[in-house]
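Lettering of chains follows the sequences in order, A, B, ..., and the numbering in each one begins at 1. Remember, predicted model here, so these are calculated numbers, not experimental data.
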There are 2 protein chains.
Amino acid sequence: MTARNTTAPRRQPLGRERIIDETWALAADRGLAAVTMRAVADRLGVTPMALYRHVGDKQGLLDGLVERLLGEIRLPDPDLPWPDRLAQLAQGIRAVARAHPDLFPLLFARSAITEPARRPREAAYSALREAGLDQTHVERAERMLSTFVLGFASSEAAGRFEHIDADAEFAYATDALRKVLVP
Amino acid sequence: MTARNTTAPRRQPLGRERIIDETWALAADRGLAAVTMRAVADRLGVTPMALYRHVGDKQGLLDGLVERLLGEIRLPDPDLPWPDRLAQLAQGIRAVARAHPDLFPLLFARSAITEPARRPREAAYSALREAGLDQTHVERAERMLSTFVLGFASSEAAGRFEHIDADAEFAYATDALRKVLVP
DNA sequence: ACCTGAACACCGTTCAAGT
DNA sequence: ACCTGAACACCGTTCAAGT
């Protein structure tokens, strides 16, 4: 509420990177609801209006969070056999959902086609190609797997699998799905 | 913006049912973003404060929308064989997602355990029991199927499967999933 | 080019008061 | 019991102005 950074006014120049950094930090310690143009500006010791030049608008701020969220997904070790790579990627996505339960739903609204979603998707493609699928089947299998994994992770983050052995169930289901998609 | 219903002041008594009716209508023709305590009150010719006694708070309004959303799911014809019942239920869920794309994500945040989610879930249970699964496997299969169907429907509503034959892909994936879950 | 100040048109919610 | 009026503490965003 009171002005911040009055003793240390603008060390670095403002810019998208620094704004998203602070947005991410704010979301991490106060939750998604606390992410407002005003609050982010406050943390940067700047007027809300100053942000508009760099991030467009509020949605631009959220896009920044989606980017970071996707960047947080640990990519699988490329030396592992392909089934392990798929499993590791899926676990990486679940881990992000658990670490950022309130941010995770943002992935459902705007994801997939955007650039930052490419790296995890390519990791899945690579594993599925190595499994022997041709390109059309690789793409379809990736869509079905990611749909299930995102759905599962969202459900988990929302507490839908509260009293259930989610680890066992997830392992079982992804294994079964994989067997169907990769005959 | 201007006062409504000034010529026809409060015909019926205010109450949760009537409030949620109007909320649903508002969401249908102006979108989820237009659903505010003030706008709903305005449509009812009443002060925003009047709503609090009946719906608790803003979240109570959204819970009402979730109820209606679940109520919109067409339940399968009980005379059909179980695989068709499952398919019909899944299509019913997709249909709701397509009819209310901006409301549908609400289902992910708060669903499953709540009472209004019971009817579609019971329909799935019934089909899976008829397929010969015991109760533990019925519940697990339902969780996995609903996770996939909700994820697929959300993705579709968000436009993730824009240039893809979603019908074919959905049929293929749910069929495959069913074969795995119901051996 | 980049930031500020003031303003506009909103929000959800509390609280005391009216009937 | 049920609703209102006024107020509080916020929002995102526009616009003209400053440097």
Audit row: Leu65(B), His100(B), side-chain contact (heavy atoms from CB on, under 4.5 Å) steps and yes/no
CA-CA 11 Å; Leu65(B) 292 181; His100(B) 310 282; over 6 Å; no
Sequence neighbours left out, what pairs pass salt bridge (Lys or Arg N to Asp or Glu O under 4.0 Å) with at least one residue falling in residues 168-179 of chain A?
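Non-adjacent pairs meeting salt bridge (Lys or Arg N to Asp or Glu O under 4.0 Å): Glu169(A)-Arg143(B), Asp175(A)-Arg178(A), Asp175(A)-Lys179(A).
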Is there a salt bridge (charged side-chain N to carboxylate O under 4.0 Å, His left out) between Arg119(A) and Glu122(A) once you walk through the steps?
CA-CA 5 Å; Arg119(A) 288 177 38 145; Glu122(A) 287 293 341; over 6 Å; no
Using the C1' atom on both, measure dA16(C) against dC2(D) and round to a whole Å.
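About 15 Å, rounded to a whole number of Å.
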Can you pull out the residues from residues 49-57 of chain A that lie within a 4.0 Å heavy-atom distance of DNA chain C?
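Of all residues in residues 49-57 of chain A, the ones placing a heavy atom under 4.0 Å from DNA chain C are Met49(A), Ala50(A), Arg53(A), His54(A).
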In terms of the angle between their ring planes, are Phe148(A) and Phe170(A) parallel, tilted or perpendicular, with boundaries placed at 30° and 60°?
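Parallel, since the angle between the ring planes stays under 30°.
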Contiguous pairing runs of three or more, Watson-Crick or G-U under 3.5 Å, that involve DNA chain C:
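Correct response: C:4-8 with D:12-16, C:12-16 with D:4-8.
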Sequence-distant partners of Arg98(A), salt bridge (Lys or Arg N to Asp or Glu O under 4.0 Å), two or more places apart:
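Counting only residues at least two positions away or on another chain, Arg98(A) forms a salt bridge (Lys or Arg N to Asp or Glu O under 4.0 Å) with Glu156(A).
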Which side chain to side chain donor-acceptor pair (under 3.5 Å) pairs, counting each pair once, include a residue from residues 125-135 of chain A, with sequence neighbours left out?
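Matches after skipping sequence neighbours: Arg85(A)-Ser126(A), Arg85(A)-Glu130(A), Arg129(A)-Gln135(A), Asp134(A)-Thr136(A), Asp134(A)-His137(A), Gln135(A)-Glu139(A).
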Can you tell me if Thr47(B) touches the phosphate of dC3(D), counting only side-chain N or O atoms and a distance under 4.0 Å to OP1 or OP2?
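So the side chain of Thr47(B) is outside the cut-off, no N or O lying under 4.0 Å from OP1 or OP2 of dC3(D).
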Atom pairs and distances, donor-acceptor, side-chain atoms in residues 27-36 of chain B, under 3.5 Å, two or more places apart:
| from | atom 1 | to | atom 2 | distance (Å) |
| --- | --- | --- | --- | --- |
| Thr36(B) | OG1 | Ala39(B) | N | 2.9 |

May I have the distance from Met37(B) (atom CE) to dT4(D) (atom P), rounded to whole angstrom?
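Between P of dT4(D) and CE of Met37(B): 13 Å.
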